[in-house]
J.: 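Take a look at the following structure, please.
Below, each value reflects all heavy atoms present in this structure, side chains not excepted, and no hydrogens, waters or symmetry copies. Protein chains get the first letters and strands the later ones, always in sequence-line order, with residue 1 at the start of each.
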Amino acid sequence: MDHNKIRVRFAPSPTGPLHIGGVRTALYNYLFAKKQGGEIILRIEDTDQNRFVEGAEQYIIDAFNWCGIKFDEGVVEGGPFGPYRQSERKGIYQKYAFDLINSGHAYYAFDTGKELDEIRKSYESEKKTFIYNAIERKKLRNSLTLSQEELQSLLNKDTPFVIRFKMPANSDIILNDLIRGEIKVNTGVLDDKILFKSDGMPTYHLANIVDDHLMEVSHVIRGEEWLPSLPLHKLLYDAFDWKAPEFAHLPLLLKPEGNGKLSKRDGDRLGFPVFPLQWKDPKSGEISSGYREDGYFPDAFINMLALLGWNPGDEKELFNMDELVEAFSMERVGKSGSKFDPDKARWFNHQYLITKTDDYLAMLFIPILKSKKVSNTDSTFVATVIGMVKERANFIEDIWDHSSFFFVAPESYDPKAVKKRWKDTSYDEMHQLKLVLEGINDFTSSNIETILKTWIEENELGTGLVMNAFRLLIVGALKGPHLFDIVAMIGKDETLNRIDKGLINLGRKETINI
RNA sequence: GCACCGUUCGUCUAGCCAGGUCAGGACGCCAGGUUUUCAUCCUGGUAACACGGGUUCAAAUCCCGUACGGUGUACCA
């Protein structure tokens with residue numbers, strides 16, 4: 001094995017859907033590894049049986065498939081360091097916990113959760129904080145205070161126990177973080193963390209260190225919420241006499257209100273999705289929206305996420321995955337948490353939408369047309385329409401609002417537009433315009449334009465008046481692309497029909513107003 | 001409470017490490033232009049170094065303090 005190889009991991013616990021902060025952490029891991037020709041592992045940290053959520057692991061896998069983050073090893077791909085699910089590695093951890101006891105770095109503790117709760121409460125009532133540390137451990141029931149015989153007897157009777165780390169009483173330790181630099185902490189403020197639970201499972205701290213070591217992880221890139229645990233983790237590597245990996249603690253994604261980190265529980269209440277994919281809670285049945293279902297392109301989503309906390313140092317903002325890999329560096333990851341900006345997310349999606357081919361967009365749009373019961377879903381026709389309107393859309397769904405009149409005649413006429421543009425003379429002018437249109441055989445945009453403009457000039461009609469009234473009949477509102485392009489697309493018969501229909505609906509202005 | 005981390009336009013950020021720039025860009029917003037319409041697009045504008053002290057000829061940049069925010073402080077991860 002090449003010990004200089006870059007190996008990173010993303011290690012979520014399957015307690016629900018992954019939120020965008022988690023996706024970003026995985027993304028930075030991926031970019032960091034790929035930039036340096038390294039590998040990325042997906043490891044599932046399911047040591048807490050109580051918090052297991054049905055479907056969460058599959059959700060995580062689906063989410064990464066959708067957004068294009070590919071793992072080299074993990075629960076799906078397998079690999080030489082498996083299994084990659086901690087519940088399946090259960091047998092591994094116990095040995096290491098006992099090694100720590102034997103080397104004097106850990107000890108048995110027999111205090112029950114209930115006992116500890118009571119101690120905490122009584123301390124609290126005296127306005128003191130209880131921490132299970134070098135001082136307090138001397139007063140409690142553990143292998144440090146018990147005699148050899150008492151200890152043996154408790155163990156023989158299968159008394160439940162946990163294994164705690166024996167935190168040094170008072171020593172300064174220097175830690176290094178790739179993003180934050182040097183951090184100094186005194187162990188006196190730290191507690192004797194539980195490494196191994198009474199249910200026979202390791203806690204995060206133990207499992208994490210053991211697995212990262214066994215899987216030859218070179219860089220641990222994780223959220224800032226882990227920074228306070230870094231001293232413990234460093235001490236654990238030292239206790240095992242293992243070489244510790246490099247650490248990088250990423251700034252958190254914050255709630256837009258500016259208090260607290262983004263969490264799974266934020267669901268839909270923020271006004272934008274916090275999950276990559278839609279999620280249905282298996283217990284409550286509650287549905288939370290996802291970026292995929294909201295119409296975001298995966299590459300836009302990734303681009304947007306990458307720029308939230310990292311920047312290339314120049315003014316380039318649009319990156320595909322390959323470009324991100326090429327440009328990424330940990331030095332350019334920021335230190336402070338960032339709030340998500342839904343407007344900017346929409347802008348990113350717009351940028352990606354306009355670069356997609358018309359044919360590709362048509363493929364995505366046709367199902368929407370079918371759901372609207374549109375009869376003409378010919379892909380060439382749809383693609384042409386999309387080419388005319390995509391500049392104005394942020395999402396595929398938006399295209400309908402910008403193009404419905406290519407597919408169906410207006411059901412109603414925008415009242416404001418009617419009031420403003422349907423003048424006294426409009427009825428007669430449109431009636432005459434229809435007669436002119438009827439005479440055109442070469443019904444192409446440019447030909448219609450030439451003929452109508454000539455007709456307008458010869459009859460000394462106002463271009464604006466005629467065109468706006470005409471647009472009203474065809475589109476139903478004062479919006480949309482070049483009008484001659486629209487009528488050429490919908491064809492002569494449909495155009496004439498819409499004029500007839502409009503003349504009936506709108507009538508002469510006098511008859512409306514009086 | 002204690003520990004650690006952080007703080008540049010409303011938001012994402014450049015600049016800080018190696019002090020000297022009208023503190024730059026993007027989103028948003030506003031105005032003008034283009035368009036027979038709407039949108040796009042183009043041009044312009046708006047708006048920030050948390051505060052106080054120190055070092056220095058010179059501080060967003062280095063040092064100290066304060067405030068504010070965040071994370072952690074579970075037999076959760």
J.: Determine which nucleotide pairs with B:G72, using a 3.5 Å limit on both distances of a Watson-Crick or G-U wobble pair.
T.: B:C2

J.: Which letters describe nucleotides 22-32 of chain B, given B = protein heavy atom under 4.0 Å from base, S = only from sugar-phosphate, - = neither?
T.: --SSBBS----

J.: Does B:G10 have a Watson-Crick or wobble mate here (both distances under 3.5 Å), and if so which one?
T.: B:C27

J.: Just checking, is any N or O donor in the side chain of A:Y132 or A:N142 under 3.5 Å from an acceptor N or O on the other one?
T.: yes

J.: For residues 10-29 of chain A, pull every pair meeting side-chain hydrogen bond (donor to acceptor under 3.5 Å, both in side chains), keeping only residues two or more places apart or in separate chains.
T.: A:T15-A:K264

J.: Base, sugar-phosphate, or nothing: which does A:H205 touch, judged by heavy atoms less than 4.0 Å apart?
T.: nothing

J.: For A:M467 and A:R24, take the nucleotide of RNA chain B holding the closest heavy atom to each; which residue's nucleotide lies nearer the 5' end?
T.: A:R24

J.: For A:N186 and A:D172, which I'm curious about, is there any donor-acceptor pair between the side chains at under 3.5 Å?
T.: yes

J.: Between N or O atoms, less than 3.5 Å apart, protein on one side and nucleotides 4-6 of chain B on the other: list the pairs.
T.:
residue: B:C5; atom: O2'; partner: A:R180; partner atom: NH1; Å: 2.6
residue: B:C5; atom: O2'; partner: A:E224; partner atom: OE2; Å: 2.9

J.: So does A:T129 reach the base of B:C2 with its side chain, donor to acceptor, closer than 3.5 Å?
T.: no

J.: In whole Å, what separates the P atom of B:A60 from that of B:A50?
T.: 10 Å

J.: I'd like the C1' distance from B:C12 over to B:G19, given in whole Å.
T.: 27 Å

J.: Looking at A:K197, I'd like to know whether one of its side-chain N or O atoms comes within less than 4.0 Å of OP1 or OP2 on B:C76.
T.: yes

J.: Could you list the residues that satisfy side chain to side chain contact (heavy atoms under 4.5 Å, CB included) with A:K90, not counting sequence neighbours?
T.: A:M201

J.: On RNA chain B, nearest-nucleotide positions of A:A393 versus A:G313: which is more 5'?
T.: A:G313

J.: Side chains of A:E136 and A:Y123 only: does a donor on one sit below 3.5 Å from an acceptor on the other?
T.: yes

J.: Which residues within residues 11-19 of chain A lie with some heavy atom under 4.0 Å of an atom in RNA chain B?
T.: A:S13

J.: If pairing requires Watson-Crick or G-U wobble contacts with both distances under 3.5 Å, which nucleotide is the partner of B:G19?
T.: none

J.: Please tabulate, for side-chain N and O atoms in residues 467-486 of chain A, each donor-acceptor pair with protein atoms closer than 3.5 Å (sequence neighbours left out).
T.:
residue: A:N468; atom: ND2; partner: A:G464; partner atom: O; Å: 2.9
residue: A:R471; atom: NH1; partner: A:K479; partner atom: O; Å: 2.6
residue: A:R471; atom: NH1; partner: A:G480; partner atom: O; Å: 3.4
residue: A:R471; atom: NH1; partner: A:P481; partner atom: O; Å: 3.2
residue: A:R471; atom: NH2; partner: A:P481; partner atom: O; Å: 2.9
residue: A:K479; atom: NZ; partner: A:D401; partner atom: O; Å: 2.9
residue: A:H482; atom: NE2; partner: A:E449; partner atom: OE1; Å: 3.1
residue: A:D485; atom: OD1; partner: A:S445; partner atom: OG; Å: 2.6

J.: Give the nucleotide from the list B:U73, B:U40, B:U37 with an atom nearest to the side chain of A:H350.
T.: B:U40

J.: Are A:F161 and A:F196 an aromatic pair by the rule of ring centers under 6.0 Å?
T.: no

J.: For B:U34, give the paired nucleotide (Watson-Crick: N1-N3 plus N6-O4 or O6-N4; G-U: N1-O2 and O6-N3; both under 3.5 Å), or none.
T.: none

J.: Pick the P atom in B:G33 and in B:A14, then give their distance to the nearest Å.
T.: 37 Å

J.: Do the ring planes of A:Y204 and A:H233 sit parallel (below 30°), tilted (30 to 60°) or perpendicular (above 60°)?
T.: tilted

J.: The side chain of A:S229 is closest to which nucleotide in this list: B:U36, B:U37, B:A77?
T.: B:A77

J.: Is the distance between the ring centroids of A:F272 and A:Y291 under 6.0 Å?
T.: no

J.: Answer with yes or no whether the side chains of A:D211 and A:Q86 bring together a donor and an acceptor at under 3.5 Å.
T.: yes

J.: From the set B:U73, B:A77, B:U36, return the single nucleotide nearest to any side-chain atom of A:D48.
T.: B:A77

J.: Which nucleotide, in any strand shown, forms a Watson-Crick or G-U wobble pair with B:A50, with both distances under 3.5 Å?
T.: B:U66

J.: What about the rings of A:F319 and A:W310, do their centers lie closer together than 6.0 Å?
T.: yes

J.: Go through the side-chain N and O atoms of A:H249 and A:R180 and say whether any donor and acceptor fall under 3.5 Å apart.
T.: no

